[in-house]
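Everything numeric here is computed off the predicted structure, so don't read it as measured data.
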There are 2 protein chains.
Amino acid sequence: MTPGPLYTYRWPRPALTVDIVVFGFAAGHAGSGPRLDVLLIERDQAPFEGRRALPGGFVGEHEDLEAAALRELEEETSVRDVYLEQLYTFGAPGRDPRGHTVSVAYVALVRPIDHPALAASDARRAVWTPVEEATDLAFDHDLILKTALARLRAKLRYRPIGFSLLPDEFTLGELQDLYETALGHELDKRNFRKRVEQMGVLVPTGAKRRGPHRSAALYRFDRARYDALDVEAFDL
Amino acid sequence: MTPGPLYTYRWPRPALTVDIVVFGFAAGHAGSGPRLDVLLIERDQAPFEGRRALPGGFVGEHEDLEAAALRELEEETSVRDVYLEQLYTFGAPGRDPRGHTVSVAYVALVRPIDHPALAASDARRAVWTPVEEATDLAFDHDLILKTALARLRAKLRYRPIGFSLLPDEFTLGELQDLYETALGHELDKRNFRKRVEQMGVLVPTGAKRRGPHRSAALYRFDRARYDALDVEAFDL
DNA sequence: ACAAAAGTGTTCTAGTTACACCCATGG
DNA sequence: CCATGGGTGTAACTAGAACACTTTTGT
């Protein structure tokens, strides 16, 4: 019953890492349409030197998995205060050429405020990349990204996680753009707004977003009101 | 780029295990109603000696996670040929008193044919336990079981995994019993049968199950027909 | 003959989809 | 003044929910 290295080190074992798929949503401005981005690191050492990879790293002993994910994320990309959710654990023996390494993958969603800050930070080489262009990644990170996208798309429909990708205040148009971009197909404007309104989890702030055209009302997601709802009651 | 122990052993790291939540469904006979069971092991050593626990054990180096789960399952309970799906990875630093141990949990679904064989096998102490009575388990296995149940309930609705809990041939009544037991509430018989029929993934075998009352037609799940369906088209 | 499970249709309701026009603003 | 996105209502359709009786079989 004594905790200790005796037992801990007796057998060889796989190494344990965390990898984080960080999604960011860039609202469309004039010219550029809305984009779903993923945050990638350019590796500066072998294996896969020069290849792009998901941020991540080794889990310390006595370190919580989620804590390790947040730590690596901040160390490598300066991103903090994110929605974080465990995705899946990847453990195929050949996935890391250095030896058997099992990786617990997480999905993080960040607000656009955090995007521009990245370039100015001490982040080594973190770059926002449109998801369609995020291919040929190191290790099995293509597979991890694909899995993360599938999860994001599935969960967006029945959990209010989309708001973690938008600024505190947003227009209904921006919310719809996010859904259309992430889901990959268009939605009917009137039906979309109808459903959003019926749910009653958005409160108008009274402010307006002024743009190149007619200004739009700003809304805020009301988590308290959402929590008061039945589970299952959120459905876009 | 050389794979090897040099890098592999440099740092202390959490140990890695797999744990498996094995669900079994016992159709109701005269007297006893239908039951959803979990397969538990009685621990014969510290920590948690004498307590019940989920089957599981350490992942070998260069061993695939799913392979490790299947191996441990067979070693400890003689159960083979099961539906297996990764559930979640539990890594709170205090979950194992021997030291930091991260566990990748799996859910397995087995057919009732395998139930009675267990007692006669070399399985140490594997016992089928109704889920409501599976409390006070070792480690954080109460939490793992709770998570597994939530997943089973959620997934039963939109994926055809329920058939992995039934014998090859089954009656519609048994299928409905399974759904009612797992979901924890009653379903309308006519609507249930209507939906099942509309899906068109069950084929009648022509045979009848003879019981204490009117005999019932037997069906078989047709996986080929299911695969031909759209995803999302399965919805009970 | 009776107890118990098998089997079968219809109606009503609620939710989802499809669809087109006017409005406000900035350039 | 015009281009662009903001904002609004209704009708048709479809899917889901509610509901009761007859049939078969073993005891």
Side-chain angles (χ1 to χ4, degrees), chain A residues 26-35 156-158 166-167 169-181 183 185-200 202-220 229-230 232-236, chain B residues 26-34 156-158 166 169-181 183 185-200 202-220 229-230 232-236:
Chain A
H29 307 294
S32 68
R35 281 201 339 259
L156 218 43
R157 297 168 180 273
Y158 64 94
L166 291 173
E169 302 192 347
F170 50 86
T171 69
L172 295 181
E174 289 163 357
L175 183 64
Q176 187 173 349
D177 277 353
L178 165 61
Y179 271 79
E180 290 183 343
T181 305
L183 298 180
H185 60 88
E186 301 203 331
L187 300 167
D188 182 272
K189 197 188 351 175
R190 283 165 291 190
N191 294 337
F192 183 83
R193 291 161 108 98
K194 209 186 305 171
R195 274 200 287 269
V196 165
E197 190 185 18
Q198 279 171 353
M199 270 182 265
L202 294 193
V203 292
T205 65
K208 302 261 171 192
R209 162 106 66 232
R210 309 178 62 79
H213 301 294
R214 176 173 176 179
S215 54
L218 287 168
Y219 293 82
R220 190 188 296 277
L229 250 55
D230 254 357
E232 315 283 326
F234 187 93
D235 182 20
L236 284 166
Chain B
H29 307 294
S32 67
L156 219 42
R157 297 167 180 275
Y158 63 95
L166 292 173
E169 302 193 346
F170 50 87
T171 69
L172 296 181
E174 289 162 358
L175 184 63
Q176 186 173 349
D177 277 352
L178 165 61
Y179 272 79
E180 291 183 342
T181 304
L183 299 179
H185 60 89
E186 301 203 332
L187 299 167
D188 182 89
K189 197 186 356 172
R190 282 165 291 189
N191 293 338
F192 183 83
R193 290 161 109 97
K194 208 186 306 170
R195 273 199 288 270
V196 166
E197 189 185 21
Q198 277 171 353
M199 269 181 265
L202 293 193
V203 292
T205 65
K208 301 263 171 190
R209 164 136 323 153
R210 310 177 61 79
H213 301 293
R214 177 174 176 178
S215 55
L218 287 167
Y219 293 82
R220 190 188 298 276
L229 251 55
D230 254 357
E232 313 284 326
F234 188 93
D235 182 20
L236 284 166

How close or far is atom C1' of C/dA14 from atom CG of A/Asp235, stated in whole angstroms?
14 Å
Just the rounded figure in Å: distance from P of C/dG7 to CZ of B/Arg195.
18 Å
Spacing of OG1 belonging to B/Thr171 relative to NZ belonging to B/Lys208, to within rounding of 0.5 Å
11.0 Å
Can you tell me how far C1' of D/dT8 sits from CD of A/Gln176, to the nearest Å?
14 Å
Measure the spacing between CG of A/Leu236 and CG of A/Leu183 and express it to the nearest 0.5 Å.
9.0 Å
Assign each of A/Ser215 and B/Gln198 the nucleotide of DNA chain D bearing its closest heavy atom; nearer the 5' end lies the nucleotide of A/Ser215
Quick check for you: to the nearest 0.5 Å, what is the distance between A/Thr181 atom OG1 and A/Gln176 atom CD?
10.0 Å
Restricting to side-chain hydrogen bond (donor to acceptor under 3.5 Å, both in side chains), what partner residues turn up for B/Arg209, sequence neighbours left out?
B/Glu174
Student check: side-chain heavy atoms of B/Leu166 and B/Tyr219 closer than 4.5 Å
no
In whole Å, what is the span from the CG atom of A/Leu218 to the P atom of D/dG6?
11 Å
Using whole Å, report how far CG of B/Asp188 lies from P of C/dT10.
16 Å
Using five pairs at each end of the helix from C/dT13-D/dA15 to C/dG27-D/dC1 to define an axis, what is the angle between those two axes, to 10°?
10°
Tell me which donor-acceptor pairs under 3.5 Å the side chains of residues 186-196 of chain B have, and how far apart each pair is, sequence neighbours excluded?
from: B/Asp188; atom 1: OD2; to: B/Arg190; atom 2: N; distance (Å): 3.1
from: B/Asp188; atom 1: OD2; to: B/Asn191; atom 2: N; distance (Å): 2.9
from: B/Asn191; atom 1: OD1; to: B/Lys194; atom 2: NZ; distance (Å): 3.2

Hey, could you give me the CG/CG distance between B/Asp177 and B/Leu172, rounded to the nearest 0.5 Å?
11.0 Å
Whole Å only: how far is the CG atom of B/Leu172 from the C1' atom of C/dG7?
9 Å
How far does OH of B/Tyr179 sit from CG of B/Leu156, to the nearest 0.5 angstrom?
4.5 Å
With nearest nucleotides of DNA chain C determined for B/Thr171 and B/Asn191 from heavy-atom distances, which residue corresponds to the more 5′ nucleotide?
B/Thr171
Whole Å only: how far is the CG atom of A/Leu175 from the P atom of D/dG7?
12 Å
Rounded to whole Å, how long is the line connecting atom NZ of B/Lys208 with atom C1' of C/dA6?
9 Å
Can a donor-acceptor pair under 3.5 Å be found between the side-chain atoms of A/Arg190 and the base atoms of C/dA20?
yes
Below 3.5 Å is the cut-off: list the nitrogen or oxygen pairs between protein and nucleotides 3-5 of chain D, distance only.
from: D/dT4; atom 1: O4'; to: A/His213; atom 2: NE2; distance (Å): 3.2
from: D/dT4; atom 1: O2; to: A/His213; atom 2: ND1; distance (Å): 3.1

D/dT8, OP1 or OP2 - any side-chain N/O from A/Arg193 closer than 4.0 Å?
no
Sort me out a list of protein N/O and nucleotides 11-13 of chain C N/O pairs below 3.5 Å, or just none if empty.
none

Listed partners of B/Arg220 passing salt bridge (Lys or Arg N to Asp or Glu O under 4.0 Å), at least two apart
B/Asp168, B/Glu169
